[in-house]
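Presented below is the structure to which this report refers.
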Amino acid sequence: MKELKDVSICVIGLGYVGLPLAALFSQKYKTIGYDINETRVLQLKSGFDNTQEVSADDLKKAESLKFTSSKDEIRGYDVYVVTVPTPIDLNRQPDLSPLVSASKLLGEVINKDAVVIYESTVYPGATEEDCIPVIEEVSGLTFNQDFYAGYSPERINPGDKSRPVHKIVKVTSGSTPEVAKFVDGLYGSVIEAGTHLASTIRVAEASKVIENTQRDVNIALVNELSVIFDNLNIDTAEVIEAAATKWNFVKLFPGLVGGHCIGVDPYYLLHKSMSTGYVPDIIRTSREINDGMAQHFATSFVKKLIDSDVKVKNSKIIVLGFTFKENCPDVRNTKVEDLIKELSTYNMQIDVFDPWVSESDKAKISDVNFVNELEKEKYDGVFVAVNHKEFSNLELSDFTSSNAPVFRIRKS
């Protein structure tokens with residue numbers, strides 16, 4: 001391995017995780033970003049990031065950062081950082097195909113003594129059991145002899161401008177003690193918040209997957225409580241505000257659990273745990289509760305329509321917000337889509353308004369009727385699914401009939 005000051009870095013995958021990381025590394029190292037999406041690469045070359053994670057000014061400042069979709073342009077780099085998606089399939093099983101494809105690519109371009117660092121969220125063991133053998137097979141090189149590996153789980157929070165990548169502590173690890181020290185030093189040179197060096201790659205992998213699993217379980221408890229309180233005709237938000245006056249109460253609110261992290265990562269841990277013969281009931285049940293909340297909220301909304309003397313069938317409904325979280329353009333695994341499907345079973349006419357969803361994403365989501373503006377006095381009911389800042393100053397009654405109800409998932 002080269003001295004840290006002389007290394008060159010290639011980041012594979014230029015999405016919400018890879019682009020900010022590449023921009024950060026480029027401030028100190030020769031860096032290139034690779035993505036198979038040629039349109040994405042062309043946009044970045046022109047200074048436009050449709051994820052809104054890196055501003056045009058910051059892209060312009062990163063003068064040394066190059067972008068490419070050409071395999072030939074990423075040969076011979078000293079460090080490869082893999083930041084590709086790790087989704088689940090239709091059966092809610094881990095889909096490692098993006099990681100495997102990236103590993104095959106690495107096998108074609110990697111040189112001796114290179115270090116491959118995976119950042120994608122996986123179950124413990126995936127790096128060394130599923131990814132490294134692919135690199136070995138394609139390249140003909142031997143792991144921990146001809147090339148090395150590390151794992152440093154991503155901690156990007158899409159849309160959170162107060163916690164950019166350099167202000168979040170980074171967990172690091174390596175396949176040998178020497179490599180672990182190298183990986184930790186590499187990230188430590190650009191991460192202002194500091195690093196935490198894990199003892200093994202498997203420990204680092206496990207630490208990441210439980211971050212989101214813990215949040216999923218906690219949110220599931222609050223979601224289940226909200227169902228109980230709805231049945232008891234008690235306002236859940238008021239209960240939470242009252243309970244939160246105790247210093248050690250964790251203040252969470254019910255909601256739709258989507259996105260590419262909390263709604264996905266627990267399935268990776270479930271998969272790995274079940275392969276050992278242990279069924280983790282709390283994790284499994286939490287996933288079932290959170291995945292079922294779209295149906296619960298849809299039913300609650302229909303009851304509110306009925307209580308307001310609104311005829312449900314053929315009613316005109318506006319859903320505000322479609323992205324998986326507020327003030328963020330990310331539509332991956334958004335549970336608002338599930339909500340719309342549930343509402344559609346009641347034969348409602350549903351429009352969706354979300355200024356954060358790009359036109360290109362709208363074009364891909366053919367079964368949702370997006371509108372670009374709200375028409376006055378048009379709707380029989382309003383469902384606020386995502387609390388975007390643009391909605392806070394809207395007088396929702398302007399867009400509805402006199403007795404139309406407004407339903408909010410997040411009431412506070």
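Values in this document were obtained by computation on a predicted structure and should not be read as measured data. Positions are given from 1 along the sequence.
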| field | Residue pair L186 / V115, side-chain heavy-atom distance below 4.5 Å | value | no
| Has the side chain of S70 got a donor or acceptor atom that lies under 3.5 Å from a matching backbone atom of T68? | no
| Under a 4.0 Å N-O cut-off, is there an ion pair linking E241 with K251? | yes
| message | Using 30° and 60° as the class boundaries, would you call the ring planes of F147 and F143 parallel, tilted or perpendicular? | response | tilted
| query | CD1 of I228: more than 12 outside heavy atoms within 6.0 angstrom? | reply | yes
| query | Looking at V371, V352, V406, which hits side-chain contact (heavy atoms from CB on, under 4.5 Å) with I318? | reply | V371
| request: Look at the rings of F301 and F407 and say which category their plane angle falls in: under 30° parallel, 30 to 60° tilted, over 60° perpendicular. | output: perpendicular
| said: I'd like to know whether NZ of K66 has more than 12 heavy-atom contacts from other residues, nucleotides or ligands below 6.0 angstrom. | reply: no
| task | Verify whether one side chain among W356 and E390 offers a donor that lies under 3.5 Å from an acceptor in the other. | result | yes
| said: Which heavy atom of A102 sits nearest to which heavy atom of V84, and what is that distance? | reply: CB-CG1, 4.2 Å
| task | Go through the steps for Y379 and D351 under the test side-chain contact (heavy atoms from CB on, under 4.5 Å), then give the verdict. | result | CA-CA 9 Å; Y379 297 103; D351 290 344; 2.8 Å; yes
| request: Can you measure from CG (L44) to CG (N50) and round to the nearest 0.5 angstrom? | output: 8.0 Å
| message | Do the side chains of K208 and E154 get close enough for a salt bridge, i.e. N-O under 4.0 angstrom? | response | yes
| said: Looking at R75, I want to see if its CZ is surrounded by more than 12 non-hydrogen atoms of other residues, nucleotides or ligands under 6.0 Å. | reply: yes
| query | Under 6.0 Å from the NZ atom of K30, do we count more than 12 heavy atoms belonging to anything else shown? | reply | no
| query | Checking side-chain contact (heavy atoms from CB on, under 4.5 Å) for the pair F229/D235: CA distance, chi angles, key distance, verdict? | reply | CA-CA 7 Å; F229 294 143; D235 190 304; over 6 Å; no
| said: If you count every heavy atom of other residues, nucleotides or ligands that lies below 6.0 Å from K104 atom NZ, does the total exceed 12? | reply: no
| query | Do the side chains of V171 and S207 get nearer than 4.5 Å, heavy atoms only? | reply | yes
| query | Is it true that E178 and K181 make a salt bridge, defined as a side-chain N closer than 4.0 Å to a carboxylate O? | reply | no
| said: Could you walk me through whether F25 and Y187 satisfy the ring pair (Phe, Tyr, Trp, His ring centres under 6.0 Å) test, starting with their C-alpha distance in whole Å, then the side-chain angles of each, then the deciding distance to 0.1 Å, before giving a yes or no? | reply: CA-CA 9 Å; F25 276 136; Y187 282 98; 5.6 Å; yes
| Basic-acidic side-chain contact under 4.0 Å: R155, E211 | yes
| query | What are the two closest non-hydrogen atoms of Y118 and T127, and how far apart are they? | reply | CD1-CG2, 3.6 Å
| field | Over all atoms of both residues, closest heavy-atom pair of Y16 and P158 | value | CD2-CB, 3.8 Å
| field | Residue pair Y123 / D130, side-chain heavy-atom distance below 4.5 Å | value | yes
| remark: Residues at least two apart in sequence or cross-chain that pass side chain to side chain donor-acceptor pair (under 3.5 Å) with R284, listed by chain then number, are D281, E288
| Whether F370 and F322 hold their rings parallel, tilted or perpendicular, with breakpoints at 30° and 60° | perpendicular
| task | Determine whether I156 and T83 make a side-chain contact, defined as any pair of heavy atoms from C-beta on separated by less than 4.5 Å. | result | no
| Is any side-chain N of the basic residue among K378 and D398 closer than 4.0 Å to the acidic one's carboxylate O? | no
| Listed partners of K325 passing salt bridge (Lys or Arg N to Asp or Glu O under 4.0 Å), at least two apart | none
| message | Would K71 pass as a cation-pi partner of Y34, given that its NZ or CZ must be under 6.0 Å from the six-membered ring centre and within 45 degrees of the axis? | response | no
| So, are E375 and K316 salt-bridged, with charged N and O less than 4.0 Å apart? | no
| Salt bridge flag under 4.0 Å for residues K170 and D184 | no
